[in-house]
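Below is one structure, written out as structure tokens; the observations come after it.
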Amino acid sequence: MPHVTFVHGLSNKPPREALLKGWLGALKGRFGGGLDLAGAGVTSEMVYWADVMYAKPAAADEEEQEGGDRDVAALPSKPQGETAEEQMFVDALDERLQKALLQVTAETAAANVTEPADRAIPLPGFVERFLMKRLVRDAHHYLYASDSEPRPGEKFNVQKELRKRFVEAVERGAKQPGPHVVVSHSMGTMIAYDCLKHVAGCGKVDALVTLGTPLGLSEVQDGFGKAWKKAAAFPAGTLGVDRWVNFYDRLDVVCAASPKLATDYRHEDRGVISDERITNMGRWRHAVREYLARDEVRKRLKKLLGI
């Protein structure tokens with residue numbers, strides 16, 4: 001039977017099973033009418049890594065959204081790179097994301113001039129700034145293999161542990177008849193791409209779906225190292241050509257600065273990724289539940305799974 005491997009994104013999350021239930025519910029729709037994976041005989045698993053960064057999971061009954069806790073005191077400080085190269089990465093990514101936030105704020109304000117009051121788009125606020133800080137920290141810790149000690153006596157090398165969890169999930173998914181599709185969101189798209197492209201022994205998958213990805217940012221691409229080149233950046237060894245679909249919302253602050261991937265992740269110097277623009281709803285344009293609620297995402301996933 002078909003199988004989906006999900007990879008979650010930034011900020012703290014409810015426990016693994018509660019998070020997976022939330023993603024499946026977002027695909028299905030609150031009142032049905034969406035994509036019911038279990039009902040269609042599709043198995044699924046969540047690559048869960050929030051416990052590598054956070055001491056305890058978020059409450060299971062909390063609404064699943066990026067931004068998490070809004071305590072100003074909890075705003076993560078900008079990480080300090082151990083080398084000049086690392087610090088350059090941190091500073092450049094932080095600057096790029098702050099510019100993206102200003103860009104989205106301006107576009108949102110302009111859109112609201114022509115929108116009726118009851119359809120006005122909420123302006124980005126504290127949670128978006130919070131999210132940017134989280135992305136800088138998590139991207140740095142992952143790409144530069146930093147350590148995390150979320151609980152006393154429990155220490156992880158972030159890159160090593162997250163790669164291990166993804167590769168093992170791909171191995172388990174490969175035992176299903178297939179097709180096997182990876183659906184990743186936010187920071188999770190970096191993990192999925194990095195493993196499929198750079199980790200020796202990572203298994204093959206039939207398709208990759210990225211939602212609200214920061215992979216288009218040149219600063220993130222620089223974090224993959226000097227050997228990384230756009231002309232051959234597509235993970236052709238583990239993913240079939242024309243089997244990567246990237247969905248983005250122009251007002252999603254994580255991907256707003258560079259939402260399209262086809263020109264940057266090329267195969268034999270040609271574009272093979274399908275970039276699809278969608279329009280999310282509500283306050284959190286980056287929230288995974290918004291992406292999973294879109295008909296465009298559901299229909300494409302259904303096609304990729306062959307159901």
Side-chain angles (χ1 to χ4, degrees), residues 7-12 47 49-55 66-68 73-103 128-152 154-167 184-200 202 210 212-233 235 253-259 261 264-265 286:
V7 193
H8 75 74
L10 297 163
S11 292
N12 200 7
V47 177
W49 56 272
D51 61 313
V52 174
M53 305 298 292
Y54 298 91
E66 309 313 309
L75 188 67
S77 59
K78 189 166 67 173
Q80 296 298 309
E82 294 186 6
T83 66
E85 179 185 1
E86 282 188 43
Q87 194 59 49
M88 186 180 299
F89 165 83
V90 168
D91 293 340
L93 182 57
D94 185 62
E95 182 179 359
R96 170 62 81 91
L97 291 172
Q98 296 311 312
K99 288 182 178 178
L101 184 57
L102 292 174
Q103 171 190 329
E128 281 75 8
R129 294 193 294 275
F130 186 94
L131 185 62
M132 298 298 94
K133 295 294 184 183
R134 283 274 170 86
L135 178 55
V136 172
R137 182 198 63 178
D138 291 359
H140 167 265
H141 283 20
Y142 181 79
L143 292 172
Y144 288 92
S146 298
D147 290 333
S148 172
E149 191 171 357
R151 293 162 292 278
E154 195 169 358
K155 190 175 184 178
F156 297 97
N157 177 283
V158 175
Q159 183 186 87
K160 183 178 180 180
E161 181 65 20
L162 271 55
R163 281 178 166 181
K164 174 177 177 289
R165 295 186 184 190
F166 180 85
V167 170
S184 55
H185 174 244
S186 186
M187 174 73 185
T189 67
M190 289 176 54
I191 300 166
Y193 169 75
D194 176 56
C195 292
L196 291 172
K197 178 63 179 178
H198 299 126
V199 177
C202 182
T210 50
T213 180
L215 283 169
L217 301 177
S218 59
E219 293 79 8
V220 170
Q221 296 164 10
D222 290 343
F224 292 126
K226 293 181 173 59
W228 187 91
K229 302 295 181 184
K230 292 183 179 182
V253 293
V254 168
C255 60
S258 187
L261 303 181
D264 288 350
Y265 294 80
H286 183 63

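Atom CG of residue D222 and atom CG of residue L93 lie 10.0 Å apart, to the nearest 0.5 angstrom. Atom OG of S148 sits about 14.0 Å away from atom CD of Q159, to the nearest 0.5 Å. Here the CZ atom belonging to R165 is positioned 10.0 Å from the CD1 atom belonging to I191, to the nearest 0.5 angstrom. In this structure, CZ on F156 lies 13.0 Å from CH2 on W49, to the nearest 0.5 angstrom. The CD atom of E161 sits 11.5 Å away from the CG atom of D147 when rounded to the nearest 0.5 Å. To the nearest 0.5 Å, atom NZ of residue K160 and atom CG of residue L162 are 13.0 Å apart.
Here the side chains of K133 and R137 are not in contact, with every heavy-atom distance at 4.5 Å or above. A 4.5 Å side-chain heavy-atom check between D94 and E219 finds every atom pair outside the cut-off. Counting only heavy atoms from C-beta outward, the side chains of L196 and F166 approach each other to under 4.5 Å. At a threshold of 4.5 Å between non-hydrogen side-chain atoms, the residues M53 and V158 count as touching. The shortest side-chain heavy-atom distance between R96 and S218 falls under the 4.5 Å cut-off.
The heavy-atom pair separating A139 from M190 by the smallest distance is CB-CE, 4.0 Å. The minimum heavy-atom distance linking L261 with L215 is given by the pair CD2-C, 3.8 Å. When all heavy atoms of S186 and P214 are compared, the closest pair comes out as O-CD, 3.4 Å. Across every non-hydrogen atom of M187 and D138, the tightest pair is CE-O, 3.3 Å. Listed here is the closest heavy atom pair of S11 and R134: OG-NH1, 3.2 Å. Minimum heavy-atom separation, G212 to H286: O-CE1, 3.2 Å.
Applying the side-chain hydrogen bond (donor to acceptor under 3.5 Å, both in side chains) rule to K230 yields the partners D264; only residues at least two apart in sequence or on another chain are considered. Scored by the side-chain hydrogen bond (donor to acceptor under 3.5 Å, both in side chains) test, E95 finds K99 as partners (sequence neighbours excluded). Scored by the side-chain hydrogen bond (donor to acceptor under 3.5 Å, both in side chains) test, Y193 finds W228 as partners (sequence neighbours excluded).
With hydrogens and angles ignored, the 3.5 Å screen pairs no side-chain donor or acceptor of H140 with any backbone N or O of F89.
Between the side chains of T189 and T213, at least one donor N or O sits under 3.5 Å from an acceptor N or O.
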CA sep, side-chain torsions, deciding dist, call: L143, D194, side chain to side chain contact (heavy atoms under 4.5 Å, CB included)
CA-CA 9 Å; L143 292 172; D194 176 56; 5.5 Å; no
